[in-house]
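Written below as structure tokens is the structure these notes are about.
First the proteins, then the strands, lettered A, B, ... as listed; each starts at 1. Every value quoted in this text rests on a predicted model; they were computed, and no experiment measured them.
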Number of protein chains: 4
Amino acid sequence: MECPIDTKPRWERRKDARPQELLAAAIDLFVERGFASTRLEDVARRAGVSKGTLYLYFENKEELFKAVVRTSIVPVVAEAESSIAGFDGHSADLLRKVLMDWWERIGANKVSGIGKLVMAEAGNFPELAKFYQEEVISRGTRMFSSMLERGVTRGEFRDINITQMTQVLIAPMLMLVTWKHSVGPCERGDLEPQAFLNTFLDMALHGLLPATPPAA
Amino acid sequence: MECPIDTKPRWERRKDARPQELLAAAIDLFVERGFASTRLEDVARRAGVSKGTLYLYFENKEELFKAVVRTSIVPVVAEAESSIAGFDGHSADLLRKVLMDWWERIGANKVSGIGKLVMAEAGNFPELAKFYQEEVISRGTRMFSSMLERGVTRGEFRDINITQMTQVLIAPMLMLVTWKHSVGPCERGDLEPQAFLNTFLDMALHGLLPATPPAA
Amino acid sequence: MECPIDTKPRWERRKDARPQELLAAAIDLFVERGFASTRLEDVARRAGVSKGTLYLYFENKEELFKAVVRTSIVPVVAEAESSIAGFDGHSADLLRKVLMDWWERIGANKVSGIGKLVMAEAGNFPELAKFYQEEVISRGTRMFSSMLERGVTRGEFRDINITQMTQVLIAPMLMLVTWKHSVGPCERGDLEPQAFLNTFLDMALHGLLPATPPAA
Amino acid sequence: MECPIDTKPRWERRKDARPQELLAAAIDLFVERGFASTRLEDVARRAGVSKGTLYLYFENKEELFKAVVRTSIVPVVAEAESSIAGFDGHSADLLRKVLMDWWERIGANKVSGIGKLVMAEAGNFPELAKFYQEEVISRGTRMFSSMLERGVTRGEFRDINITQMTQVLIAPMLMLVTWKHSVGPCERGDLEPQAFLNTFLDMALHGLLPATPPAA
DNA sequence: CATGAATGAGAGTTCATTCAT
DNA sequence: GATGAATGAACTCTCATTCAT
């Protein structure tokens, strides 16, 4: 008589869970190794499936990557957009909130590695660069510009050059991401990200807020 | 009388020039395509030699890259260090000068691509990352910290958190380099680098300079 | 009163139709793409079933192919055989009729692609080649030989080399099939198949009919 | 002391001989297995080199195939063209000669398998089909048409439909090639190719030559 | 009966590195 | 010194077949 115990199926049927599992594995490896250097076989293995299985869910490597971006970053961007749209208070507080939220939702998280990866490999994968540019970067840039415009319109910020100031505000995010995913791990004296952001914001807002009345 | 020393046949003079030619070719390709994606055969071809010749001068791809860093970036860092050491004036002017010099010598130049490349591929080539970290980044960081200390010591800057402010100052450089070598080429509304640096410096110095006495 | 026999639910009637649907799909794809390049998944999809279902009806790809041959070509061969057996008239008319019938039933039809496919891939699938050889080619060859023998026996044809003339008669069929399924689609000046067959037959019968007595 | 004898180099440097060796191996395997089923690794192995070496000489599989065609078939076609251009005698003799030469140079040879292969896989490799069509088939077709025209012009042939008769003349070549490379090897009673061609030509010329004067 | 997720052996192609010449 | 032919491991993507459901 056959012993039914211990008979492990050659594989398990997990249609619904698979994409998530694969995406999770993919994110880890893309962040660890970059796009070009990530082997699909490793992604599959980490998700506990065979190489072929990946292709049941994602047409090819690029589509897998896009799926990663779509599920891990795009929703956060969208959420930020609506959070901005619904915000009531002072634009300086809005800026601070958005930056801090970004840190919590993206920066501190491994998904920030995706952004760094795109910066890194844009040249070799123009299709990917274009996709990320459209889905994330330009939306992000627009968000910051709109916050600055809001501040200016409401008289909360001085009448600064929006484009340039947008870049200034993006710089520390880029900085943190780059640091975290490249030199950071090698560096000893580490960066306190939130303190860094605060230092930065204090400085930036100095430049943004209108001159305070001489006597107060 | 002609000096016979100068009459060496062209190819023999070539011999000495080889490494430079190879390095020049390597820099171009590393910057264009990144480390992993640059084919040594292309480097050789661009330098007008054969693939095998490369290995006469450089042990392998990593050593070639290190040589690139050593010849194109390290000297600039060293020069900056001594320029700082010999500077007399106000620390704010020093900061401004160093940043602007950096833009002229590195940022605007293709060698800035090397920095971006290291950020990008550090994870896959830890040996390279470590090398760059030691030879360039930590020296650069130390330079900025020392300038800030100088300012504080001389009473020209407020008593700020040096580590954090160092990062703040590095951020825009990272920003410019990243922009130039990844999204920049895709993006429409382009960044005026020097204006951007000035905007940034104005803002940063606001935060650094001691509160001016109400009446002056 | 309605006949209850006909009220079977649709899917149950479907059950019997499945093999035919699969065979129809298979024929299309085998002809379009050849044996090796046809994907069973595509066959299944075109028949509106899943990949696994195919394996309920056909052991594997080769058996599917054999079934295609058995249902689409073998019956036509059998019919031709009995049509020859029952023919009364002049052997030249018989030959002409058989060739023209072949064109109508096979040549002009997509099933001619099956023959071409076997010629094409025989080397890689010897089992298939053997099957087709036995079920179709040797029967077809025998048919032509027997017609020639009939003609000779009845004094309607000259006493030619049967084997060779059989090949001569097969050549134009091969020609038409090959043309139709490979170069034909690329070629501009197209072949009028029936005119071609007639030209050929006129020529061939010249060689077959006994010399006409000078005076008639 | 090292014994210099018996030290076989890891590989041998044979730049000039390589392409021929590879082409020879390629022809064998393409003919044996067809285009799609031939593995480049096998081609390399048969030529005694590694897979990578193939790519030093041929850009990819398609180019390898084209090179095979260019070196093994195209020159024969060219030669036939000039042989026709320089022919003096009766057009019937010319036709006979060209067909027989074809058999000796191509038909009997393994290169005839290339033609069969193209017929077989044209649908799956349109690029290849186009190439072969242009370089071989249309040139061959033109050759036959021009011979027929010559015959008609010189009053040696009746005024037949050139296009159709061209196809009729091509049919037996197709027949022989197909036979040789597919069913032939399975078939017992084999075809005597030269006898077959003669039988065919006798028959065809019957149809081509002008009616002989009743009394002679 | 029917499904379709899962497998896994290969296929073509690339490239850093070696080494006979 | 200089060459460049040769290697071979690595990578992405494919598909006939199996089998848990």
What is the distance, rounded to the nearest whole Å, between atom [atom1] of [X] and atom [atom2] of [N]?
| X | N | atom1 | atom2 | result |
| --- | --- | --- | --- | --- |
| A/Asn60 | E/dG12 | CG | P | 20 Å |
| A/Leu54 | F/dC15 | CG | P | 17 Å |
| C/Asn124 | F/dA16 | CG | P | 14 Å |
| D/Phe125 | E/dG12 | CZ | P | 10 Å |
| B/Phe58 | E/dA16 | CZ | C1' | 16 Å |
| B/Arg45 | F/dA2 | CZ | C1' | 17 Å |
| D/Phe65 | E/dA11 | CZ | P | 19 Å |
| D/Glu41 | F/dA9 | CD | P | 11 Å |

Phosphate contact ([N] OP1 or OP2) by [X] side-chain N/O below 4.0 Å:
| X | N | answer |
| --- | --- | --- |
| A/Arg18 | E/dA6 | yes |
| C/Tyr55 | E/dG4 | no |
| D/Thr53 | F/dA6 | no |

State whether the side chain of [X] and the backbone N or O of [Y] hold a donor-acceptor pair below 3.5 Å, judged by distance alone.
| X | Y | result |
| --- | --- | --- |
| C/Thr71 | C/Ala67 | yes |
| D/Ser72 | D/Val111 | no |
| B/His181 | B/Lys116 | no |
| D/Lys61 | D/Ala36 | yes |

What nucleotide among [options] has an atom nearest to a side-chain atom of [X]?
| X | options | value |
| --- | --- | --- |
| B/Leu56 | E/dT3, E/dT7, F/dA2 | F/dA2 |
| D/Lys61 | F/dG8, E/dG12, F/dT12 | E/dG12 |
| B/Tyr57 | F/dC15, F/dA10, F/dA2 | F/dA2 |
| A/Ser50 | E/dG8, E/dA16, E/dA11 | E/dG8 |

* To do: Provide the Watson-Crick or G-U wobble partner of F/dT12, both distances under 3.5 Å; none if there is no partner.
  => E/dA11
* Does E/dT21 have a Watson-Crick or wobble partner in any strand here, with both distances under 3.5 angstrom, and which is it? -> F/dA2
* Is C/Glu121 salt-bridged to D/Arg33, going by a charged N under 4.0 Å from an acidic O? -> no
* Asked: Looking at A/Lys130 and A/Glu127, does any basic side-chain N land under 4.0 Å from a carboxylate oxygen?
  -> no
* To do: Pick base, sugar-phosphate or nothing for A/Thr38, based on heavy-atom distances below 4.0 Å to the nucleic acid.
  => sugar-phosphate
* **Quiz item: C/Lys51 side-chain donor-acceptor pair to F/dT17 base, under 3.5 Å** => yes
* To do: Nearest-nucleotide wise, let me know which of B/Glu62 and D/Leu40 is further upstream toward the 5' end of DNA chain E.
  => D/Leu40
* Asked: For DNA chain F, whose closest nucleotide is more 5', that of A/Asp42 or that of C/Glu59?
  -> A/Asp42
